[in-house]
Amino acid sequence: ASISQVVHVRTHDVAITKIGAPQSANSGQTRSITVSISNKSYAETVVVELFKSVPGGFQSIGSYSQYVPARSANRTVTFTFNYTFSSSDSSIGKVTFKAAAAIANARDAFPADNEAISSPPTKVTR
C-alpha cells in the first residue's frame, strides 16, 4: 500500500542589512545605534543582540525583540538601541558595534547574514 500527502516546507530567513552608528561621541553622551533587518519570507519575531568592542573581543550591551513582517525588496525594520558612551570607551578612543539577529522559535535557513559589524568605528573623546 502507499499514501500520498502534501508537505508544506517553510524557509525562514532574516538578514541584517545595516548597522547605523555615530561617527563620533563624547564620554557620557547617549546616542542611538540602529540595526536594520530585512525579511522577505514569513512574518517573524526577531531578537537582535548588540555588542560593543572591548579589548580581546565583544561584550553584550543589550538585546531587543520585535515583530518583523515579511516585506518586499529593500524594505527593512529598524531596531534602535540607546547607548551611553563610557570613560573606558574614551580611554580606548573608539568603539565598534556588532549585531546578531536570531528568529524566535525557528531556525534561520541562511544564518551567514545574521551578524554584522559597524564600520568605521565610533571615535570617542572625553
Side-chain angles (χ1 to χ4, degrees):
S2 66
I3 188 168
S4 295
Q5 184 174 358
V6 174
V7 177
H8 297 278
V9 177
R10 297 179 106 189
T11 302
H12 300 267
D13 181 38
V14 298
I16 296 175
T17 59
K18 180 181 176 184
I19 297 180
Q23 291 184 352
S24 63
N26 295 319
S27 177
Q29 185 177 26
T30 300
R31 301 288 301 271
S32 293
I33 314 300
T34 59
V35 180
S36 298
I37 302 289
S38 71
N39 177 18
K40 297 175 188 165
S41 301
Y42 301 97
E44 308 281 6
T45 298
V46 177
V47 179
V48 173
E49 187 167 9
L50 187 67
F51 301 85
K52 75 169 190 167
S53 58
V54 294
F58 286 91
Q59 171 187 9
S60 177
I61 56 173
S63 66
Y64 181 38
S65 177
Q66 185 172 316
Y67 173 78
V68 179
R71 293 187 164 173
S72 62
N74 297 325
R75 296 188 60 199
T76 61
V77 172
T78 302
F79 287 63
T80 302
F81 295 84
N82 290 317
Y83 177 71
T84 302
F85 290 87
S86 67
S87 57
S88 63
D89 296 332
S90 65
S91 66
I92 295 169
K94 63 183 176 180
V95 175
T96 301
F97 295 96
K98 177 173 93 169
I103 301 171
N105 303 316
R107 186 180 74 79
D108 196 299
F110 305 101
D113 56 9
N114 290 19
E115 284 192 6
I117 295 177
S118 64
S119 182
T122 302
K123 292 182 181 181
V124 185
T125 57
R126 294 189 194 275

(request) Taking all heavy atoms of Val47 and all of Ser63, pick out the closest pair and write down the distance. (result) CG1-CB, 4.4 Å

(message) A side-chain contact here means heavy atoms from C-beta on lying under 4.5 Å apart; do Thr96 and Pro120 qualify?
(response) no

(request) Check ring-ring contact (aromatic ring centres under 6.0 Å, His included) between Tyr42 and all other residues, then give those that pass, not counting sequence neighbours. (result) His12

(message) In the structure I gave you, are the side-chain heavy atoms of Asp108 and Asp13 within less than 4.5 Å of one another anywhere?
(response) yes

(request) Please name all residues satisfying ring-ring contact (aromatic ring centres under 6.0 Å, His included) with Phe51, sequence neighbours left out, ordered by chain then number. (result) none

(message) If you count every heavy atom of other residues, nucleotides or ligands that lies below 6.0 Å from Arg75 atom CZ, does the total exceed 12?
(response) no

(message) So, taking the atom named OG1 in Thr78 and the one named NZ in Lys18, what distance separates them when rounded to the nearest 0.5 Å?
(response) 8.5 Å

(request) Would you mind reporting whether Ile92 and Pro55 have side-chain heavy atoms less than 4.5 Å apart? (result) yes

(message) Could you report the tightest heavy-atom contact between Val48 and Ala101, atom names first, then the distance?
(response) CG2-CB, 4.2 Å

(message) If you take the centroid of each ring, where Trp contributes its six-membered ring, are Phe97 and Phe81 closer together than 6.0 Å?
(response) no

(request) Report yes if the side chains of Ser27 and Asp89 come closer than 4.5 Å at any heavy-atom pair, otherwise no. (result) no

(message) Testing Asn39, Val14, Val77 one by one against Val46 for a side-chain contact (heavy atoms from CB on, under 4.5 Å), which residue passes?
(response) Val14

